[in-house]
Amino acid sequence: MFKNEVYIKRRETLHGLMQSGLGLFMGNSEAPLNYPANTYHFRQDSDFLYYFGLDMPGFAGVMDFDSGKDWIFGDDFGLDDIIWMGPQPTVKDLALKAGVNNTAPLRKLEETIKEAVSKKRRIHFLPPYRGESKMALGSLLKENPCQMKTLASTDLIKAVVSMRSIKEDIEIKEIEKAVGIAYDMHVTAMKMCKPGVSEQEIFGTIEGIALAKGGGTSFPIILSINGQTLHNHVHNNILVKGRMMVTDAGAESNMHYASDITRTTPVGGKFSSQQKEIYEIVYRANTECIAAMKPGVPNRDIHFKACRIIAEGAKSLGFMKGDISEAVEAGAHTLFMPHGLGHQMGLDVHDMESLGENYVGYSDTVKRSDKFGTAYLRFALPYQPGHVLTVEPGFYFIPELINQWKAEGKYSAFINYGKLDKYMKVGGVRIEDNVLITAKGHKVLGKHIPKTVSEIEETCS
Ligand code: GLY
Ligand code: MN
C-alpha cells in the first residue's frame, strides 16, 4: 500500500467533486473455483484499491459526501480462520493503513444503506463487472442484480475518471516497475523464439516471470505465430521459420499497476526482407506517433497519423493506390490496421474500462465513431499531463477479412488485392509501448525494450 495520506487525499478530492449522498465502493470477494476454499486468483477491484488501498477480499468502503465521513465495513477473523490462515490484522488496523477511522462489521452495511435509502439519500456506486459484486449490490439495494450496471452513478463515474486519468508520480513509479517486469518477459520471449519451440513453453515461462517479479500478468498473454488474430490466446503452435511471433504481454507491479507491451519477433531471430518491410512500417508508426505526443493533441489525431503511416507504407509496397488521405478518410487502411492506436493504462490495463469506455476516452463533444476499425479507438480525447497511454500500431494480413473485401470489391479504388498473396505468411506485426504525457511532451515509460530490427536480431542471437 501507499502511505495512508495518499488515500486520505484522494478521498478528500472525491468528496470535493461529489455533492451529496453516499458513495459505496464494493471491494471484490473471493470467487470459488469448485468449493469456497479453492478460489480463483484474487484481484482487488481497482477503484476500491485507488481510494481504500486494502488488497484483501471481503471489504466495502463508504464515503458520506454530506458529512465527509469515510467508513470501512468488514469482518474480523475468528480463531477458526486464524488456525488455518495464521495471525490476521483487525479491520480497525487495516482501515488505519488507509487513513479511515470508522469501521463496522459487514452486517452493519445493510443497515447503513437501508437507513440512507429510507431517507431518500442517493447511493452512488460504480458499474459492477463481476457476478459476485452484482449480487451483493443487488441484495444491499433491493434491486435486480442484473440491473446494477444501468443503475450506477454517472456523477461518480465522471468524478472517478477525472481523478484516475491523471497519474500521480507514485503511480508512474509503479507503472515503470511493471514495464521493468515486461522487459524481462519480452527479452526472454525473444531469446526463446526459435524453430521447434512451442508457444506454450514461451507463454508459461513469461507468465512465470510476471508472477515471480510482481503481481502476475496484467491481462491474459497474447503470444502466437498467428499474430494476424489480434487477441490470440491460443498457444498450441510449434514455432516454424518464416513466421513472426507476436507477444503482447504485460505485468502488474505488486501494487497492481499495469504494463502492456507488444513486440514482434521473427522465428529464428533474423528478419526476412518481407518481414522487415512490414516491421519498419509499424516501427515508423510507433515512433513517429510517440514523437508527436504532447498536451493538447487529441489521441484521435495521433491514431489517424498512425493510419496514414500504415497506408503510406502499404502504398510503397503496392498494396494500396490512390490518394492516401482520401483512402484513410474512406477507411481503406482498416484492412491492415482494424483497431485503435491505444488506451489509457494504470491500475487496469485498459484503465477504468469497467466504468464505461465512452466516459474514459470520449466526452460530450468528442463522440465515438461507429465506422469499422475506428470504432475500436478506445481513447480520442486531447492529451493532458499525467495521462498514461499505450501506443500500439499494427499491420496485419487477416485472410478472412481480405477474402471478404476482395470478393465484395470493397475499396477497390484504393487496394490492390492481388499484391497481398505473397505477404500472407508475414501474419501480423504490432509494436506497443507505454507513454506518459508530461508538461511539455511525453516520456516512454520504463526500461527500453529491444525494438529496432537490429536490437531484436541482436537480442535473439
Ligand atoms: N494488450 C491488449 C490490449 O491492449 O487489448
Ligand atoms: Mn494494449
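For the numbers below, each heavy atom of this structure counts, side chains included, while hydrogens, waters and symmetry mates do not. One-based numbering, in listed order, for ligands and for the atoms of each.
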**Asked** Can we call the ring centroids of F25 and F125 under 6.0 Å apart?
**Response** no
**Asked** Any donor-acceptor pair under 3.5 Å linking the side chain of H186 with the backbone of Y183?
**Response** no
**Complete:** Looking at D260, the N/O/S atom that lies nearest to the Mn ion (ligand 2) is called OD2
**Prompt:** What is the closest protein heavy atom to atom 5 (O) of ligand 1, and at what distance does it sit?
**Reply:** H350 NE2, 2.7 Å
**Prompt:** Which atoms of ligand 1 have any heavy atom of H231 under 4.0 Å away?
**Reply:** 2 (C), 3 (C), 5 (O)
**Item:** From CA spacing to verdict: ring-ring contact (aromatic ring centres under 6.0 Å, His included), F395, F336
**Value:** CA-CA 5 Å; F395 199 127; F336 304 111; 4.9 Å; yes
**Prompt:** Among I261, D248, T262, which one has a heavy atom closest to atom 2 (C) of ligand 1?
**Reply:** D248
**Asked** Can you tell me if R263 uses its side chain to pair, donor with acceptor, with the backbone of I449 under 3.5 Å?
**Response** yes
**Asked** Do the ring planes of Y383 and F379 sit parallel (below 30°), tilted (30 to 60°) or perpendicular (above 60°)?
**Response** parallel
**Item:** F219: numbered ligand 1 atoms lying under 4.0 Å from its heavy atoms
**Value:** 1 (N), 2 (C)
**Atom indices of ligand 1, in the order listed, that fall short of 4.0 Å to a heavy atom of D260** = 1 (N), 2 (C), 3 (C), 4 (O)
**Request:** May I ask you to say whether R130 pairs ionically with D45, meaning some side-chain N is under 4.0 Å from a carboxylate O?
**Result:** no
**Item:** Among the N, O or S atoms of E432, the one nearest the Mn ion (ligand 2)
**Value:** OE2
**Message:** Looking at the Mn ion (ligand 2), is there an N, O or S atom belonging to H343 that lies under 2.8 Å away from it?
**Reply:** yes
**Item:** Distance-only side-chain donor-acceptor flag, H256 / D55, under 3.5 Å
**Value:** yes
**Fill in**
Checking distances from the Mn ion (ligand 2), one finds that the N, O or S atom of E392 closest to it is OE2
**Complete:** Output for pair (E288 CD, I309 CD1), nearest 0.5 Å, gives 4.0 Å
**Prompt:** Is there any N or O on R378 that sits under 3.5 Å from an N or O of ligand 1?
**Reply:** no
**Message:** Under 2.8 Å from the Mn ion (ligand 2), can any N, O or S atom of D248 be found?
**Reply:** no
